[in-house]
Amino acid sequence: MTLDSVDLEKSDSGGAPGAAAAGGGRSGARTRGGSAGRCGGRGAPPGCSARPARGQRRASPAGAAPLPSAPFRSPPRGRGAMEAVDQLASAGTFRVVKEPLAFLRVLEWLFAIFAFATCGGYSGGLRLSVDCANKSESDLSIDIAFAYPFRLHQVNFDAPTCEGKHRETLSLIGDFSSSAEFFVTIAVFAFLYSLAATVVYIFFQNKYRENNRGPLIDFIVTVVFSFLWLVSSSAWAKGLSDVKIATDPDEVLLLMSACKHQSNKCLPVRSPVMSSLNTSVVFGFLNFILWAGNIWFVFKETGWHSSVQRHPPDTMEKQASSYNQGGYNQDSYGPTGGYNQPGSYGQVDEYGQSQSYGQSAPTSFTNQI
């Protein structure tokens with residue numbers, strides 16, 4: 001073997017590794033590309049990792065710390081109740097409130113609250129001053145407080161006698177608790193019944209109208225409460241006028257012995273404020289108007305209203321039939337009536353001539369001529 005052939009073999013053997021490496025690089029690139037393309041397929045190699053789909057979380061490799069998860073958020077409070085109310089509203093459950101019967105019940109419920117709140121929660125007072133001739137015995141601030149149920153005879157206060165240090169204990173005059181408590185009691189029961197009736201109208205409308213018992217009881221209770229509102233409001237209006245007289249500062253000053261002497265000066269400092277009590281009387285009569293007006297709408301739900309509606313058409317039909325059967329609607333004056341019957345005036349006389357005073361009279365007259 002010559003030197004030229006040996007050098008040629010070395011060059012060939014030296015270039016082979018570079019070519020193999022280049023070929024290996026290209027094959028490796030194909031392998032990586034192929035494996036990357038096959039990671040999402042069914043026959044993916046064990047070393048490749050496919051990209052997670054949208055909405056999925058990438059799994060952490062073994063030995064690595066787990067990825068933090070989002071904290072659980074509980075629904076806000078009250079959303080369940082709001083969803084229930086929305087479902088009832090979408091189902092048309094509260095549509096009944098738009099009708100006059102249920103709408104007036106809601107107004108009665110509100111007005112009953114105002115009635116017993118303005119009367120039952122009242123507390124007031126007045127202030128008097130007694131200026132004695134001896135200034136050391138004077139009392140320029142005598143406070144007298146009273147409240148519901150207006151048992152004024154139990155309200156005591158001390159007043160100077162302007163005769164030394166001696167003081168007298170006095171009390172207001174009158175007991176007006178009966179009218180006030182009666183008014184508040186009617187208001188509370190009306191509040192409870194209006195609330196219960198409104199609940200029945202909204203949630204148990206089918207059972208309420210199932211038979212005539214529910215509307216009948218509702219009608220009777222409405223009539224009774226209308227009467228009670230009128231009586232209680234009138235009685236409380238009279239009781240309130242008596243309370244105003246009994247708590248008038250000028251009337252209270254007459255109870256003091258020191259004010260009977262002209263040398264002493266007795267003056268009213270502050271009078272009681274009765275605006276809330278006046279408002280309670282107004283709400284009492286407004287409740288009477290509401291309950292009395294609701295009688296008609298409750299009456300329409302009873303069977304009595306349906307029977308009354310059927311009665312007038314029957315009577316009208318009977319009257320029409322009686323007029324048709326009588327002699328006022330017959331054809332007594334028509335072609336077949338008694339006044340236009342043929343032959344009534346056209347009878348044949350004893351001479352054989354026909355006497356007619358009807359339509360054939362002119363022809364018969366010409367024939368006779």
When you measure from the side chain of [X] to the backbone N and O of [Y], does any donor-acceptor pair fall under 3.5 Å?
| X | Y | result |
| --- | --- | --- |
| Ser232 | Phe182 | no |
| Ser177 | Arg151 | no |
| Ser233 | Val281 | no |

Hey, does [Y] have a side-chain heavy atom less than 4.5 Å from the side chain of [X]?
| X | Y | result |
| --- | --- | --- |
| Leu128 | Cys266 | no |
| Glu137 | Pro160 | no |
| Leu126 | Phe146 | yes |
| Tyr122 | Pro272 | yes |
| Phe103 | Glu99 | no |
| Glu301 | Asp218 | no |
| Ser257 | Glu168 | yes |
| Phe116 | Ser280 | no |

Please report the closest heavy-atom contact between [X] and [Y], naming both atoms and the distance.
| X | Y | answer |
| --- | --- | --- |
| Ala187 | Ala112 | O-CB, 3.6 Å |
| Ser179 | Trp236 | OG-CE3, 3.9 Å |
| Ile295 | Ser226 | CD1-OG, 3.7 Å |
| Asn287 | Ala115 | ND2-CB, 4.0 Å |
| Val298 | Pro215 | CG1-O, 3.9 Å |

**OP:** Take Phe114 and Phe191 through the side-chain contact (heavy atoms from CB on, under 4.5 Å) test and state the conclusion after the steps.
**Re:** CA-CA 10 Å; Phe114 296 147; Phe191 160 76; over 6 Å; no
Is [Y] reachable from [X] through a run of hydrophobic residues whose side-chain heavy atoms are each under 4.5 Å from the next?
| X | Y | answer |
| --- | --- | --- |
| Val282 | Val273 | no |
| Ile142 | Leu267 | no |
| Phe219 | Phe204 | yes |
| Val269 | Leu253 | no |
| Leu172 | Ile245 | no |

Subject >> Basic-acidic side-chain contact under 4.0 Å: Asp248, Lys244 >> reply: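 No, Asp248 and Lys244 are not salt-bridged.
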Original post:
Going by distance alone, is a donor N or O of one side chain under 3.5 Å from an acceptor N or O of the other, for Thr198 and Trp109?
Top reply: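 Per modelled atom types, Thr198 and Trp109 side chains form no pair under 3.5 Å.
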**OP:** Answer yes if the side chains of Thr222 and Arg105 hold a donor-acceptor pair under 3.5 Å, and no otherwise.
**Re:**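 Yes, because at least one side-chain N or O of Thr222 sits under 3.5 Å from a partner of the opposite role on Arg105.
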**OP:** Please check if atom CZ in Phe189 has more than 12 non-hydrogen atoms from other residues, nucleotides or ligands closer than 6.0 Å.
**Re:**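 Incorrect, the count does not exceed 12.
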Original post:
Considering residues, nucleotides and ligands other than Arg167, do more than 12 of their heavy atoms fall under 6.0 Å from its CZ?
Top reply: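 For Arg167, atom CZ is crowded (more than 12 foreign heavy atoms under 6.0 Å).
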Subject >> Non-neighbouring partners of Phe111 that pass ring-ring contact (aromatic ring centres under 6.0 Å, His included), sequence neighbours left out >> reply: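 Partners of Phe111 under the ring-ring contact (aromatic ring centres under 6.0 Å, His included) test: Phe283.
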To the closest 0.5 Å, what do you measure between [atom1] ([X]) and [atom2] ([Y])?
| X | Y | atom1 | atom2 | result |
| --- | --- | --- | --- | --- |
| Ser271 | Asp250 | OG | CG | 7.5 Å |
| Leu230 | Phe288 | CG | CZ | 4.5 Å |
| Lys260 | Thr161 | NZ | OG1 | 12.5 Å |
| Cys119 | Glu181 | SG | CD | 9.5 Å |
| Phe299 | Leu216 | CZ | CG | 10.5 Å |
| Asn264 | Asn134 | CG | CG | 10.0 Å |

Subject >> Geometric class of the Tyr148/Phe150 ring pair [parallel <30°, tilted 30-60°, perpendicular >60°] >> reply: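 Ring orientation of Phe150 relative to Tyr148: perpendicular.
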Original post:
Between Trp229 and Phe183, how do the two ring planes meet: parallel, tilted or perpendicular, split at 30° and 60°?
Top reply: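 Ring orientation of Trp229 relative to Phe183: perpendicular.
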Subject >> Residue pair Ile173, Leu255: steps toward the side-chain contact (heavy atoms from CB on, under 4.5 Å) verdict >> reply: CA-CA 10 Å; Ile173 299 175; Leu255 301 176; 3.7 Å; yes
Subject >> Verdict with supporting geometry, Tyr208 and Ile217, side-chain contact (heavy atoms from CB on, under 4.5 Å) >> reply: CA-CA 10 Å; Tyr208 173 77; Ile217 295 175; over 6 Å; no
Subject >> Check against side-chain contact (heavy atoms from CB on, under 4.5 Å), Val252 and Thr247 >> reply: CA-CA 7 Å; Val252 177; Thr247 57; 5.7 Å; no
